[in-house]
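Dumping the structure here so I can ask a few things about it.
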2 protein chains.
Amino acid sequence: MLKEKASIIPHECGDCPIRHRAVCARCESDELEVLDQIKYYRSYESGQTLIWSGDPMDFVGSVVSGIATLTQTMEDGRTQMVGLLLPSDFVGRPGRNSAAYDVVAVTDMVMCCFRKKPFEEMMARTPHIAQRLLEMTLDELDAAREWMLVLGRKTAREKIASLMAIIARRDATLNMNGTRGPLVFDLPLTREAMADYLGLTLETVSRQVSALKKDGVIELEGKRRVTVPDFNRLLEEAGDDSDGGMLI
Amino acid sequence: MLKEKASIIPHECGDCPIRHRAVCARCESDELEVLDQIKYYRSYESGQTLIWSGDPMDFVGSVVSGIATLTQTMEDGRTQMVGLLLPSDFVGRPGRNSAAYDVVAVTDMVMCCFRKKPFEEMMARTPHIAQRLLEMTLDELDAAREWMLVLGRKTAREKIASLMAIIARRDATLNMNGTRGPLVFDLPLTREAMADYLGLTLETVSRQVSALKKDGVIELEGKRRVTVPDFNRLLEEAGDDSDGGMLI
DNA sequence: GACCCGCATTGATTTAAATCAACCAACCCT
DNA sequence: AGGGTTGGTTGATTTAAATCAATGCGGGTC
């Protein structure tokens, strides 16, 4: 559990790994220089809660590396994940002062942060940032609506298959894996986190993962490493149009 | 079913009923004049499908009056509503060419439309529009995430109570009804549409509406007119923090 | 008035997933 | 090497909601 912090952290926007996908993607080099001035990095450990729902939020930022979840919790403890934050995803809402959801790191992670006030001022002066943020927000809205179909209408088996398909697809785009051949990826989530994502119990998740494995839809190496021999088969199991709308 | 069309349709942005809430809310009068030039009105009848998922979208627009639903459908017919469009809500996504969801009118309605291309050009030149659209999209994203909790973790009874609470709240803000006293509103949706919203069957919806009525949480006049004697009681039934975060 | 028709309700039965309950296997400590 | 902890699996039973099936009701129309 030893941390070596600042060493691995990039300091120049120029060689930032999320440069072309994050909220700054559209910025010109002069705009980037300004951002460079006001940004700072923070790192978090796996399991750490970055932000508590209801707390005042004095910064916004981008996930540079690692994964976090956005969750809502009811008084009696029932929890629902409402977002999965991967590298380049944006955290926080300009124009709002308190956090609406818990943000929890599921792996060690690094964030590129901006104090909210200067960022908002910069946003007002820099249409490129607002444009990109709008685009990202619209994408997130689409993802949320896709997820509403999963939560509202799919069976447990279809839910698991849908989650696998989503993670496989994200992994493929992130790592620029070519399209053909069996897909291999690591599940970033525990069974419990998967259950919170899908509106299931962890027992049901475990059973359905086993069932998909028994039926040859997926292969498992350990608990986390998944191989998908036939992506279209997985999409069928997910109840999706299996037109194979692969990548982007 | 007789229609008298253009007569009731406003023609000047100045006296538009959604002027202060729609995508044009932040526009100055000179910007409004430009919009005035490129806008046009369309009206639709109850039950009509405005837009089919997958179809090319050559316009965007705002709901002026009436209500529409955004729905997703699986091949086998299971459907999930993913949005409820009320007056001032925006339809369509700049930067995308084909529709992602079906849009269906549930009442007669009037839309204020813009051809997509000119609107996109205008948006690039007019930060006020992009700013407002970002704000509206962030609000929709919050609503979608709220809904994910409802779909994923709430019981049938809580789902119905949540829906009633949402409609009551929206109705109150729209009609500027003062806060205290019993709330009265009309359900804009059939039992089947409510079921599609909530990820339930229409039978379960009917049973739970009856149960809430029997328990005095709501009162019914006919099938559609609802009275809520105690809003906090309703929020408790919805499983929400009953801090009574009323209005806005 | 008699007949539909679309919506809604209510009842009986089935079923998918939750719940309750053991048990397993890595991994980590000192 | 032993004991604890965390995450995962598997089995037995219960339960909430789906499904299957009548029946009710208000508003049109012929």
OP1 or OP2 of dT10(D) under 4.0 Å from side-chain N/O of Ser206(A):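 No, Ser206(A) has no side-chain N/O under 4.0 Å of OP1/OP2 on dT10(D).
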
Nearest heavy-atom neighbours spanning Gln80(A) and Gly152(B):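 Closest heavy-atom pair between Gln80(A) and Gly152(B): OE1-CA, 3.4 Å.
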
Those residues of residues 148-161 of chain A lying under 4.0 Å from DNA chain C by at least one heavy atom: Thr155(A), Ala156(A)

Side-chain N or O of Thr204(A) closer than 4.0 Å to phosphate OP1/OP2 of dA18(C):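 Checking Thr204(A) against dA18(C): at least one side-chain N or O falls below 4.0 Å of OP1 or OP2.
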
Rounded distance (Å) that lies between atom P of dT9(C) and atom NZ of Lys213(B): 8 Å

Between P of dA18(D) and CZ of Arg78(B), the distance in whole Å: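 Arg78(B) atom CZ is separated from dA18(D) atom P by 13 Å.
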
Distance, nearest 0.5 Å, that separates CG of Leu212(A) from CZ of Arg157(A): 5.0 Å

Spacing of Gln208(A) atom CD relative to dT9(D) atom P, expressed in whole Å: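 Distance check: Gln208(A) CD to dT9(D) P gives 12 Å.
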
Crowding at CD, Glu203(A) (>12 non-hydrogen neighbours, <6.0 Å):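 Atom CD in Glu203(A) is packed in, count exceeds 12.
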
Touch class at under 4.0 angstrom, heavy-atom based, for Gly199(A) against every strand present: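 It contacts sugar-phosphate atoms only.
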
Heavy-atom neighbours of Arg21(B) CZ exceed 12 at 6.0 Å: no

Atom-to-atom span, CG of Leu212(B) to P of dA8(C) - whole angstrom: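 From Leu212(B) CG to dA8(C) P: 16 Å.
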
Sugar-phosphate, base or nothing in reach of Leu200(A), heavy atoms under 4.0 Å: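 Touches sugar-phosphate only.
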
Using a cutoff of under 3.5 Å, can you pull out all pairs of nitrogen or oxygen atoms linking the protein to nucleotides 20-27 of chain D, with atom names and distances?
residue : atom : partner   : partner atom : Å
dC20(D) : N4   : Glu203(B) : OE2          : 3.2

Val217(B) side chain near Glu236(B) side chain, heavy-atom distance below 4.5 Å: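 In short, these two side chains do not touch, never coming nearer than 4.5 Å.
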
Check against side-chain contact (heavy atoms from CB on, under 4.5 Å), Thr201(B) and Val205(B): CA-CA 6 Å; Thr201(B) 60; Val205(B) 170; over 6 Å; no

Arg225(A) NZ/CZ over Phe185(A) ring centroid, <6.0 Å and within 45° of normal: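 No - Arg225(A) does not lie over the ring of Phe185(A) by the 6.0 Å and 45° rule.
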
Arg225(A) CZ - dA26(C) P separation (whole Å): 17 Å

Nearest-angstrom distance from the residue atom CG of Leu220(B) to P of dT10(C): 11 Å

Spacing between Asp196(B) atom CG and dA8(C) atom C1', to the nearest angstrom: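 Distance check: Asp196(B) CG to dA8(C) C1' gives 15 Å.
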
Donor-acceptor list for residues 50-73 of chain B side chains, cut-off 3.5 Å, not counting sequence neighbours:
residue  : atom : partner   : partner atom : Å
Ser53(B) : OG   : Ala100(B) : O            : 3.2
Gln72(B) : NE2  : Glu146(A) : OE1          : 3.4

Nearest-angstrom distance from the residue atom CZ of Arg191(B) to P of dA17(D):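 Checked: the CZ to P distance equals 17 Å.
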
Check: Glu140(A) and Arg145(A) side chains under 4.5 Å, non-hydrogen atoms: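 Arg145(A) does not reach Glu140(A) side chain to side chain.
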
Sugar-phosphate only, base, or nothing, as touched by Thr201(B) at under 4.0 Å among non-hydrogen atoms: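 If one applies the 4.0 Å heavy-atom cut-off, Thr201(B) turns out to touch a base.
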
